Amino acid sequence: MKRYTTLVLLIFPFLMQAQSTHLPLGNDAYHIMDRLEIKSGQLMPAHTVLKPFDRRDVAGFAIAMDTSAVDFSGKDQQDMRYIFRDNNDWLETITRSEWSAGKQFIDGDSVFYKPTLDVDEGVDKNYYEWSKKPIFKHFYRTPANLFELDKPHFNLKINPIIYFKYGQETNDTSFVYLNRRGFSLRASVDDVVWFHTNLYESQERFQQHATRRIEHDSLPAVPGAGFYKDFETGVWNTNGFDYLRGQGYIAARISKHVNVHFGHGRHFIGDGIRSLLLSDYSNDYFYLKLNTRVWKLHYQNLFAELTTQHRRGPDGIRPKKYIAAHHLSFNNILPNLNIGIYESVVFDRGNTFELQYLNPIIIYRTIEQALGSPDNVVTGLHFKYNFLKRFSLYGQFVFDEFKFGELLSGDGWWGNKNGWQMGLKYIDMLGIDHLDGQVEYNTVRPYTYTYESADANYSHYNQPLAHPLGANFSEVIGKLRYQPIQPLTFTARATYANFGTDTDSTNVGINIFADYRDRTTPEGSDSDEYGHKTGQGVGNTLLIGQFTASYQLRHNVYFDFDYIYRNRSSDDPALEYTRNYVGLSLRVNIAANTVDY
């Protein structure tokens with residue numbers, strides 16, 4: 001890996017042409033893009049299964065929709081105005097004097113740039129927008145950015161990251177809280193180099209189920225972060241966790257259709273709430289990503305350095321492993337249909353990358369077998385179909401290992417390690433503008449994502465790379481989102497999951513960190529080879545209900561009210577509980593964070 005990294009750093013400057021920074025995961029634009037795609041009957045040229053999106057793609061698609069013949073509602077126009085504000089680095093920059101004079105700009109044949117006027121006055125193409133009253137003349141000159149420079153050869157956006165949360169959970173004498181502060185920065189130089197970084201520090205006390213997982217799990221990590229320190233505050237008279245997170249990358253275009261990102265972050269593959277292929281649940285990681293987009297095809301290569309499972313101890317280098325993954329998707333193979341295939345391999349060679357996996361256009365299984373089959377290959381399929389300009393049907397299938405004959409036999413062979421997802425989105429339900437619903441089903445068989453050793457299971461920094469429940473579960477999620485007015489959003493979400501857990505002496509397949517060779521013989525079976533079924537072990541059901549009211553005070557400044565109900569039933573009475581949580585939060589330039597498992 002060291003040799004390869006050096007090579008990348010040497011050739012990187014010579015490869016660069018203009019490229020875009022990513023849109024942060026969880027940003028409101030992801031839901032807006034879903035609505036625009038479904039309602040217009042057109043798929044984004046950038047395939048939505050691959051997240052995060054590039055800001056250029058988001059702004060470009062919003063402009064295309066705003067200038068199309070589609071009859072979007074006034075709320076849709078306000079959604080697109082949010083996109084234009086948030087991604088104005090991909091709109092033509094105009095000076096303040098030109099803006100005040102009402103000068104119009106034309107990009108191609110259809111895109112106009114006009115001064116900001118009241119929507120009631122009939123102006124619906126307010127793309128580049130200057131603030132009428134900037135703070136001290138230099139701050140918030142545009143609505144989305146604290147500080148912004150737009151020069152001929154240099155573009156810079158700097159914004160604060162703030163997240164304050166305070167709440168109370170039943171049967172808990174201490175408060176739930178979050179104190180997060182940081183900043184984000186994105187910039188370009190000469191329209192050749194684009195880069196982005198964000199950094200924030202957090203002191204947080206989670207709800208009890210997440211705290212228990214962190215403190216009592218043999219492989220502790222803060223959800224979505226990883227490394228942490230214990231924290232105690234006299235202000236709230238309670239303890240919690242202190243952790244630091246940062247993302248940063250540089251982006252460029254190698255050719256007209258090939259671009260590269262090199263940095264530290266997370267990725268998500270899927271169109272649903274969860275992903276069974278690759279999710280953003282675990283910690284950030286070091287990566288090199290290549291995207292090739294030509295015709296209706298999008299091919300992505302991802303090479304990353306991961307942290308293998310480890311126990312908490314003194315400061316020092318954590319053990320490493322690696323992943324190589326590639327994904328190919330096809331847009332409009334039939335109208336409004338996207339399909340794709342995914343393959344990854346997780347492996348360990350000490351501190352050395354397996355150079356054969358750097359081949360960007362080979363099937364990893366062939367290499368893995370040629371090497372002696374020492375590594376863990378995970379493959380998958382997915383699809384998305386938008387129809388009737390109201391619905392989107394999507395799904396995933398993941399295969400860790402299987403034999404076709406065993407799969408059809410129905411004997412519960414342990415090696416049938418697979419899972420699947422099916423979901424449906426419905427926008428403007430019952431004809432009500434911006435009432436959007438979604439239902440999703442996920443199930444993963446026992447021992448999926450596991451391996452013989454920690455060096456190759458499908459995890460990073462003591463957390464799954466796919467679904468947070470690991471394996472051996474079935475789950476149904478329902479979600480309703482209603483936006484009565486542009487600043488106010490109500491969201492209701494319910495999750496019902498069945499899963500089987502281990503005892504001190506069993507391995508029933510939920511723990512992806514356990515060696516699958518130590519699997520437990522199922523009840524009623526004569527061998528540990530057969531009789532395995534989803535949900536085996538100590539039976540558990542989990543019901544989560546959540547209601548959120550969110551008000552956008554100004555661009556990307558939100559005030560949230562949350563109510564969460566959690567109920568866990570179990571064959572083991574010691575695991576049962578019922579809890580209610582009520583909380584308030586203020587967040588700036590960051591998505592809401594809920595540990596929803």
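When a residue number appears, it is its place in the shown sequence, counting from 1. The structure displayed is predicted, hence computed values, not measured ones.
Looking at R205 and D172, a side-chain N of the basic residue comes within less than 4.0 Å of a carboxylate O on the acidic one, giving a salt bridge. Under 4.0 Å is where a charged nitrogen must lie from a carboxylate oxygen, and between R141 and D150 no such pair does. Using a 4.0 Å cut-off between charged side-chain N and carboxylate O, E37 and K425 make no salt bridge. Of the charged side-chain nitrogens involved, at least one lies within less than 4.0 Å of a carboxylate oxygen, so that R312 and D230 count as a salt-bridged pair. A salt bridge between D596 and R274 is present, with a side-chain N of the basic residue lying under 4.0 Å from a carboxylate O of the acidic one. Between D66 and R81 there is no salt bridge, since no side-chain nitrogen of the basic residue lies less than 4.0 Å from a carboxylate oxygen of the acidic one. Taking the charged nitrogens against the carboxylate oxygens, D89 and R186 do have a contact shorter than 4.0 Å, which makes a salt bridge.
A distance-only check finds a donor-acceptor pair linking the side chain of T211 to the backbone of F206 [under 3.5 Å]. Between the side chain of E169 and the backbone N or O of Q208 there is at least one donor-acceptor pair closer than 3.5 Å. Of the possible polar contacts, one joining the S275 side chain to the I269 backbone as a donor-acceptor pair under 3.5 Å is found. Between the side chain of S459 and the backbone N or O of P464 there is no donor-acceptor pair closer than 3.5 Å. Panel note: side chain K384, backbone D271; no donor-acceptor pair is recorded below 3.5 Å. In this structure, E440 contributes its side chain and I273 its backbone to a donor-acceptor pair below 3.5 Å. A donor-acceptor pair is defined here as one N or O able to donate and one able to accept, closer than 3.5 Å; no such pair exists between the side chain of Q300 and the backbone of K289. In this structure, the side chain of K51 engages the main chain of G270 through a donor-acceptor pair within 3.5 Å. In this structure a side-chain-to-backbone donor-acceptor pair under 3.5 Å is missing from N155 to S188. Side chain of Y30 to backbone of L23: a donor-acceptor contact under 3.5 angstrom is found.
Rounded to the nearest 0.5 Å, atoms OG1 (T197) and CG (L185) are 7.0 Å apart. In this structure, CG in N159 is found 6.0 Å from CG in L146, a value given to the nearest 0.5 Å. Separation of atoms CG (L424) and OG (S392) is listed at 7.5 Å; rounding is to 0.5 Å. In this structure, CG on D436 lies 6.0 Å from CG on D428, to the nearest 0.5 angstrom. Interatomic distance, D284 CG to H267 NE2, rounded to the nearest 0.5 Å: 10.0 Å. Interatomic distance, CG of L465 versus CZ of R266, reported as 11.5 Å (0.5 Å rounding).
Q42 meets the side chain to side chain contact (heavy atoms under 4.5 Å, CB included) test with S40, M65; sequence neighbours excluded. Residues forming a side chain to side chain contact (heavy atoms under 4.5 Å, CB included) with L199 (at least two apart in sequence, or on another chain): F183, L244.
Counted by atom type alone, Q438 and R493 present zero donor-acceptor pairs between their side chains at under 3.5 Å. Side chains of N589 and Y200: a donor-acceptor N/O pair is absent below 3.5 angstrom, by distance only. Side chains of K157 and T142: no donor on one and acceptor on the other come within 3.5 Å. No side-chain N or O of E204 forms a donor-acceptor pair with one of Y163 less than 3.5 Å apart. A donor-acceptor contact under 3.5 angstrom links the side chains of D86 and N556, judged on distance only. A side-chain donor from one of Q309 and N457 sits under 3.5 Å from a side-chain acceptor of the other. For Q546 and Y581, the side-chain atoms include no donor-acceptor pair closer than 3.5 Å.
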Check the pair F547, F490 against side-chain contact (heavy atoms from CB on, under 4.5 Å), reporting the backbone distance first and the verdict last. CA-CA 7 Å; F547 172 79; F490 299 110; 3.7 Å; yes
Stepwise, does the salt bridge (charged side-chain N to carboxylate O under 4.0 Å, His left out) test hold for D34 with R481? CA-CA 13 Å; D34 273 348; R481 186 182 192 273; over 6 Å; no
Please walk me through it: do Y177 and Q203 pass side-chain hydrogen bond (donor to acceptor under 3.5 Å, both in side chains)? CA-CA 8 Å; Y177 66 86; Q203 289 82 44; over 6 Å; no
Check against side-chain contact (heavy atoms from CB on, under 4.5 Å), R579 and I564: CA-CA 8 Å; R579 296 178 187 139; I564 302 174; over 6 Å; no
Derivation of the side-chain contact (heavy atoms from CB on, under 4.5 Å) call for E148 and N88: CA-CA 10 Å; E148 177 174 334; N88 65 0; 3.4 Å; yes
Take Y577 and N171 through the side-chain contact (heavy atoms from CB on, under 4.5 Å) test and state the conclusion after the steps. CA-CA 10 Å; Y577 61 81; N171 303 320; over 6 Å; no
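Ring centroids of F262 and F286 are separated by less than 6.0 Å, placing the two rings close together. Taking the ring centroids of F473 and H467, they lie under the 6.0 Å cut-off.
Between Y458 and L277, the shortest heavy-atom distance links the atoms OH-O, 2.5 Å. Closest of all the heavy-atom pairs between P24 and R55 is CD-NH2, 3.4 Å. Contact detail for K75 and H434: the closest heavy-atom pair is CB-CE1, 3.4 Å. In terms of heavy-atom proximity, A62 sits nearest to I83 at CB-CG2, 3.6 Å.
No side-chain heavy atom of F164 sits under 4.5 Å from any side-chain heavy atom of L584. Residues Y243 and F231 are not in side-chain contact: their nearest non-hydrogen atoms beyond the backbone lie 4.5 Å or more apart. Taking the side chain as every heavy atom from C-beta outward, Y558 and I590 never approach each other to under 4.5 Å. Taking the side chain as every heavy atom from C-beta outward, H555 and Y82 approach each other to under 4.5 Å. The side-chain heavy atoms of R181 and E201, taken from C-beta on, include a pair separated by under 4.5 Å. Between H261 and Y287, the closest side-chain pair of non-hydrogen atoms falls below 4.5 Å. Counting heavy atoms from C-beta on, the side chains of T578 and Y565 come closer than 4.5 Å. Residues W90 and I63 are not in side-chain contact: their nearest non-hydrogen atoms beyond the backbone lie 4.5 Å or more apart.
Between Y597 and H209, the angle of the ring planes goes over 60°, which puts this pair in the perpendicular group of the 30/60° scheme. A perpendicular orientation is assigned to the rings of H310 and Y461, their planes being inclined by more than 60° (bins at 30° and 60°). Using a 30° and 60° split on the angle between ring planes, F147 and F139 fall in the tilted class, from 30° to 60°. Relative orientation of the Y249 and H22 rings is tilted, given thresholds of 30° and 60° on the angle between their planes.
No more than 12 heavy atoms of other residues, nucleotides or ligands shown are found within 6.0 angstrom of CD1 on I317.
Applying the salt bridge (charged side-chain N to carboxylate O under 4.0 Å, His left out) test to residues at least two apart or on different chains, the pairs with a partner in residues 546-568 are D560-R587.
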